Amino acid sequence: MEDYLSEQEQWEALKAWLKENGPWIIAGVVVAALAVTGYRWYQRYVDQAGAQASAKYLQMVEALGRGDHTNAFVVLGDLERNYPSSAYVDQARLMAARADVETGELDKAATELQSVVAHSKDPDLALVARLRLARVQIAQHKADAALATLDAVQPGAFAPAFHEVRGDAFYAKGDKANALKEYLSAKAAGAGGVPDGGPLDLKITELSAGSQQPRQAITPAPAAAPAK
């Protein structure tokens, strides 16, 4: 009987606990269900948005392939407005910058590249944009700005390319000694990854040859006059 009463008491205590805490349990279940549903909806939204951004990017690629820059930049505007957090926006801006360079619109190209440098969530893509921005700045006769662009970050695996573009900037400034130094650093950092006869080797060969000064001819001393 004591065991029965003990079990009965336990059951009554459980019912009392459920009566007190039941609403919270139900609320927790509802919240969990809503969270799962919301997550699935968000995933579908992300997947759908990604597919739409991808389609827009392909439209831009096709437009540029046809030489239709006007339509390409309209598509870029759609991407930037409707899918601002998509990685396709950065890729599209890089393509837009390339198209601007091809048409000689260097200021527009620099603006697109600066946007990728400032906002890209992909660190490697940001470094690529920084390299291209420095090249555009050199073409704009802004060698000092190009050096500042390159010196603002650690290049990591892009060190060979950063050294080479630094060399181009110094060369544009007329500083051939530092240009050669950077080209040699690019060659060393590449650990042989640059093929012989490539543009970098040609730059090194040209500057190395130019840095060699011709030896001065040694004029023999005049013979001593015979003693009188």
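From a predicted model like this one, the values you see are computed outputs, not experimental measurements.
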Novice: Would you say Val89 ends up clustered with Leu94 if hydrophobic residues are merged whenever their side chains have heavy atoms under 4.5 Å apart, either directly or through other cluster members?
Specialist: no

Novice: With a cut-off of 3.5 Å and sequence neighbours excluded, list every side-chain donor-acceptor pair involving residues 129-139.
Specialist:
unit_1: Arg130; atom_1: NH1; unit_2: Thr149; atom_2: O; d: 2.9
unit_1: Gln137; atom_1: OE1; unit_2: Ala146; atom_2: N; d: 3.4
unit_1: Gln137; atom_1: OE1; unit_2: Thr149; atom_2: OG1; d: 2.8
unit_1: Gln137; atom_1: NE2; unit_2: Thr149; atom_2: OG1; d: 3.3

Novice: Atom OG of Ser120 and atom CG of Leu113: how far apart are they, to the nearest 0.5 Å?
Specialist: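 One gets 11.5 Å once the value is rounded to the nearest 0.5 Å.
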
Novice: Take Glu164 and Lys187 through the salt bridge (charged side-chain N to carboxylate O under 4.0 Å, His left out) test and state the conclusion after the steps.
Specialist: CA-CA 8 Å; Glu164 184 173 1; Lys187 183 74 172 179; over 6 Å; no

Novice: Under 3.5 Å, side-chain donor or acceptor atoms of residues 59-68 against the rest of the protein: list the pairs with distances, not counting sequence neighbours.
Specialist:
unit_1: Asp68; atom_1: OD1; unit_2: Asn71; atom_2: N; d: 3.1

Novice: Any side-chain heavy-atom pair from Leu180 and Tyr171 closer than 4.5 angstrom?
Specialist: no

Novice: Work out which heavy atom in Leu76 is nearest to a heavy atom in Ala92; give both atom names and the distance.
Specialist: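 Taking Leu76 first and Ala92 second, the nearest heavy atoms are CD1-CB, 3.6 Å.
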
Novice: Where the side chain of Ser115 meets the backbone of Thr111, is there a donor-acceptor pair that is under 3.5 Å apart?
Specialist: no

Novice: Evaluate the side-chain proximity of Leu125 to Gln91: yes if any heavy-atom separation is below 4.5 Å, no if none is.
Specialist: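 Contact flag for Gln91/Leu125 side chains = yes.
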
Novice: For the OG atom of Ser208 and the NZ atom of Lys203, what is their distance to the nearest 0.5 Å?
Specialist: 13.5 Å

Novice: Do you know the tightest heavy-atom contact between Asp107 and Gln140?
Specialist: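 Taking every non-hydrogen atom into account, OD1-NE2, 2.7 Å.
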
Novice: Looking at every heavy atom in both Tyr88 and Leu79, which two are closest together, and how far apart are they?
Specialist: O-CD1, 4.3 Å

Novice: Looking only at heavy atoms, what is the nearest atom pair of Ser86 and Ala53, with distance?
Specialist: OG-CB, 3.6 Å

Novice: Work out which heavy atom in Asp144 is nearest to a heavy atom in Lys173; give both atom names and the distance.
Specialist: OD1-NZ, 2.8 Å

Novice: Tell me every residue that passes side chain to side chain donor-acceptor pair (under 3.5 Å) with Asp124, counting only those two or more places apart in sequence or in another chain.
Specialist: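 Testing Asp124 for side chain to side chain donor-acceptor pair (under 3.5 Å), a comparison that skips the adjacent residues, returns none.
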
Novice: Say whether Val117 and Val153 are linked into one hydrophobic cluster, either directly or through other cluster members, by side-chain heavy-atom distances under 4.5 angstrom.
Specialist: no

Novice: Can you find a side-chain donor-acceptor pair between Tyr183 and Asp201 that sits under 3.5 Å?
Specialist: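 No donor-acceptor contact under 3.5 Å links the two side chains.
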
Novice: Going only through I, L, V, M, F, W and Y residues with side-chain contacts under 4.5 Å, is there a path from Val116 to Val101?
Specialist: yes

Novice: Counting C-beta onward and ignoring hydrogens, is there a side-chain heavy-atom pair between Arg166 and Asp151 closer than 4.5 Å?
Specialist: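 The answer is yes, as the side chains (C-beta and beyond) meet within the 4.5 Å cut-off.
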
Novice: Can you tell me how far OG of Ser85 sits from NE2 of His119, rounded to the nearest 0.5 angstrom?
Specialist: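 That separation rounds to 13.5 Å.
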
Novice: Please give me the minimum heavy-atom distance between Phe170 and Ala179, naming the atom from each residue.
Specialist: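 Reported closest heavy-atom pair: CB-N, 3.7 Å.
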
Novice: Under a 3.5 Å distance rule, please check whether Thr103 uses its side chain to pair with a backbone N or O of Asp100 as donor and acceptor.
Specialist: yes

Novice: Could you tell me the separation between the CG atom of Asn178 and the CG atom of Leu207, rounded to the nearest 0.5 Å?
Specialist: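 With rounding to 0.5 Å, CG (Asn178) is 11.0 Å from CG (Leu207).
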
Novice: Between Lys108 and Glu112, is there a salt bridge with N-O shorter than 4.0 Å?
Specialist: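 No, no charged N to carboxylate O under 4.0 Å.
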
Novice: Once rounded to the nearest 0.5 Å, what's the spacing between atom CD of Glu182 and atom CZ of Phe162?
Specialist: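 Reported value, rounded in 0.5 Å steps: 12.0 Å.
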
Novice: Once you round to the nearest 0.5 Å, how far does NZ of Lys56 lie from CG of Asp78?
Specialist: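 Result: 4.0 Å between the selected atoms.
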
